Structure formats: C-alpha cells, structure tokens
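Below, read A as the first sequence line, B as the second, and so on, with proteins coming before strands; counting in each chain starts at 1. This one's a predicted model, so the numbers in the text were calculated from it and none came from an experiment.
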Amino acid sequence: MSADLKIATWNVNSVRTRIGNVLKCLAEEKPDVVCLQEIKCQTEQFPYLEFEDMGYNCAVLGQKSYNGVAILSKFAIEETLPGLPGDASDEQARYLECVIAANKGPVRVASIYLPNGNPKTTEKFDYKLRWMQRLREHAKSLLKFEEPLILAGDYNVIAKDGHCWDPAVWVDDALMADETRAEFAALHWLGLDNAWQIKDGRDHQYTFWDYQRGAWNKDHGIHIDHILMSPQASDRLLDVKIARETRAEERPSDHVPVIASFDL
DNA sequence: ATGCCACCTTCAAGGTGA
C-alpha cells in the first residue's frame, strides 16, 4: 500500500514565533495535511504566504493572544466548520473542521485544542468537561457518515499512567482527573481509534515537555497529542510517529508533531 | 505553597499554559 495521505498535528505555541521551526519540519516531512494548535494570533495575522508558497491551502480560526487552530492542506479544502457545535456562547478558538479532497475521496479532518482545565477546583475544569461532552456529541454525529474522519490535536489528557514520567506528580491535575479520563475513554467507546495505540502503543513516548525544570533534558514529558480516527480511516492507517527531534531545536515549541500516514 | 519558562499584550508586569 502507498501512503497517499500524510497528516501531522502540532501545537506550535505561537505560529508567528515558530514559523521557522514549522517551515523546516514541513520541508522535511512533507505532510499533505497539517493540524496546528495554539497559533496565538488573529485570523488575519496568520502567515498565509509562507505556507501558500509551500503549496498549502489554509483554513484558519484565529483568536487574539490565545488559542487558535488551523488546517493546512495540499488538497483542496471543500468545506469548513469553525468552532465546536453545542455552545454558541463559546468564543474560544479551539476547533476547526474541514473536508479535504484527498486522492481517493473526501476526508474530514479536525484540528483540536482541548481546554487544559486547571485548576481542577475552578470553572475552567467544568469548561473542559463540558467541551469534551460537546466533542463526544459532535463526534457521534460525524461517525454516522461512516466516512474517513480524523480528529487530531492537543487533547490535554494523560489517558493512562504510562503517558507521563511520574503519575504522582499529576495526580491532582486536570489532565489526569478521573472525569477527564472517562470522557477521553468515551470517545474510544464511540468508535474512534487512536493512531498511536494501534501502530505503536509504547508507553513513555511523550509529545510535550515543559519549558521549566529542565523537563526536556530529563525526559520528563507527557503524551497528550493524539490522532483519533473513524474505522474507515483506521483501516487505512499505515504508520504513526512522534517527531521528537523538533523539541531539541532553537526556541522550540513545548509540544512536538505527531505524524500519521494513511492509504486514503 | 510558589516559582521555575515562554508565550501573549505592548514597554511593565500580569495572565496563561500544563
């Protein structure tokens, strides 16, 4: 089988600050589709020209200062849904969905920046759980299409103890709360597969290392960036990898890309 | 219990992240 659709997800922690790192990665990996999170700029401030010069179409849902998600695609972008349904009052730019015209037919792709939710005693945690419930409802409706669907992004969930270097450090954290894990598991029971779990599944393969406390040098990371898929995509999954080398660059993002290849 | 680092806005220092 040939890899006809290579898709990457990356929380870049400011696309303008990170533009050099991102362009370098795209030149090396040549993904067809890229889901970006935490672009931290308004839509009109997005560096469209740099990506268009590399052959990407851009769908962007920006926000001043915080959050912000985007999808880059070498294929035509046929329709877009900016924002997660279920709460018209939610103004945080954390969800962007589009349909891309891949080689063998349409593929629905979403770039997801799930709320952090800390501290757990505040309304931020309630917002996180409500957001996850909305994602579950929306995913349920999308799965009814029985088409290739890829939900990629920063889920801000430590799904199991082996996804962090020391569970004791995270025991009171919103990323590891029982309610958070239950909502993430519910996505799986809906019928969404996790690309990493299917093709690799090793523990202690992290996608985020804090800037503080020398976390990178000590490999004190967490695995919170994921590519979830419908069965119609899962059946065509070829391989997945974590591009951890990007964390060793000058002025890196605190997250690294997760990259999957599909026969789609 | 807090800051650590690095981002944001906009030039000083507080908000945010995980």
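At whole-Å resolution of the value, CD in A:Q92 and C1' in B:dC8 are 14 Å apart. B:dC7 atom C1' lies 14 Å from atom CG of A:N21, rounded to whole Å. The nearest whole Å value for the distance from the CD atom in A:Q42 to the P atom in B:dT10 is 10 Å. Taking atom NZ on A:K128 and atom P on B:dT16, their separation rounds to 16 Å, with Å as the unit. Regarding A:H226, its NE2 atom lies at a distance of 13 Å from the P atom of B:dA18, rounded to whole Å. Between the P atom of B:dG15 and the CD atom of A:Q63 lies a distance of 18 Å, rounded to the nearest Å. What separates CG of A:N11 from P of B:dG17 is a distance of 12 Å, to the nearest Å. One can place CG of A:D166 at 15 Å from C1' of B:dA18, the figure rounded to the nearest angstrom.
For the pair A:S65 and B:dT16, the criterion of a side-chain N or O lying under 4.0 Å from OP1 or OP2 is not met. Considering only side-chain N and O atoms, A:N116 lies under 4.0 angstrom from the phosphate OP1 or OP2 of B:dA18.
With DNA chain B read from its 5' end, the first of the two nearest nucleotides for A:V15 and A:R213 is the one closest to A:R213. Summary of the strand contacts: A:K40 and A:W170 both lie near DNA chain B, and taking for each the nucleotide with the nearest heavy atom, the more 5' one is attributed to A:K40.
Closest approach to the A:K64 side chain among B:dT9, B:dT16, B:dA18 is made by B:dT9 (side chain taken as heavy atoms from C-beta onward). Listed nucleotides: B:dC7, B:dT16, B:dA18. Nearest to the side chain of A:R18: B:dC7. Between B:dA6, B:dC8, B:dA18, one nucleotide has an atom nearer to the side chain of A:T17 than all others, and that is B:dC8. The nucleotide whose nearest atom lies closest to any side-chain atom of A:Q212 is, among B:dG17, B:dC4, B:dC8, B:dC4. In the set B:dA18, B:dC5, B:dC8, the nucleotide with an atom closest to the side chain of A:S14 is B:dC8.
A donor and an acceptor atom never sit less than 3.5 Å apart when one is taken from the side chain of A:N156 and the other from the base of B:dA18.
Taking atom C1' in both B:dA18 and B:dT2, the straight-line distance is 16 Å, to the nearest Å. B:dA1 and B:dG14 have their P atoms separated by 22 Å, given to the nearest Å. Comparing B:dC7 with B:dA12, their C1' atoms are spaced 16 Å from each other, to the whole Å. When the P atom is used for both B:dT16 and B:dT10, the distance is 15 Å, rounded to whole Å.
Within 4.0 Å (heavy atoms only), A:Y113 reaches sugar-phosphate atoms of the nucleic acid but no base atom. Among the protein residues, A:K124 comes within range of the sugar-phosphate backbone only, with heavy atoms under 4.0 Å from sugar or phosphate atoms but none that close to a base. Across all strands shown, A:N67 has no heavy atoms under 4.0 Å from either base or sugar-phosphate atoms.
Ion pairing between a basic and an acidic side chain is recognised when a charged N comes within 4.0 Å of a carboxylate O; A:D4 and A:R236 show no such pairing. Comment: A:K199 does not engage A:D193 in a salt bridge, judged by the lack of any side-chain N to carboxylate O separation of less than 4.0 angstrom.
For A:D200, the side-chain hydrogen bond (donor to acceptor under 3.5 Å, both in side chains) partners two or more places apart in sequence, or in a different chain, are A:R202.
A:S261 places no side-chain N or O within 3.5 Å of a backbone atom of A:D239 that could act as its donor or acceptor partner.
Counting heavy atoms from C-beta outward, A:F208 and A:R247 have side chains that stay 4.5 Å or more apart.
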Report the C-alpha distance between A:W196 and A:H223 in whole Å, list the side-chain angles of each, state the deciding distance to 0.1 Å, and finish with yes or no for ring-ring contact (aromatic ring centres under 6.0 Å, His included).
-> CA-CA 10 Å; A:W196 180 262; A:H223 187 151; 5.5 Å; yes

Walk me through it: do A:L228 and A:Y155 pass the test side chain to side chain contact (heavy atoms under 4.5 Å, CB included)?
-> CA-CA 10 Å; A:L228 305 189; A:Y155 279 79; 3.5 Å; yes

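In this structure, A:F51 has its ring center under 6.0 Å from that of A:F46.
Counting non-hydrogen atoms of neighbouring residues, nucleotides and ligands closer than 6.0 angstrom, the CD atom of A:E44 exceeds 12 such neighbours.
Remark: A:R251 in residues 245-254 of chain A come within less than 4.0 Å of DNA chain B through at least one heavy atom.
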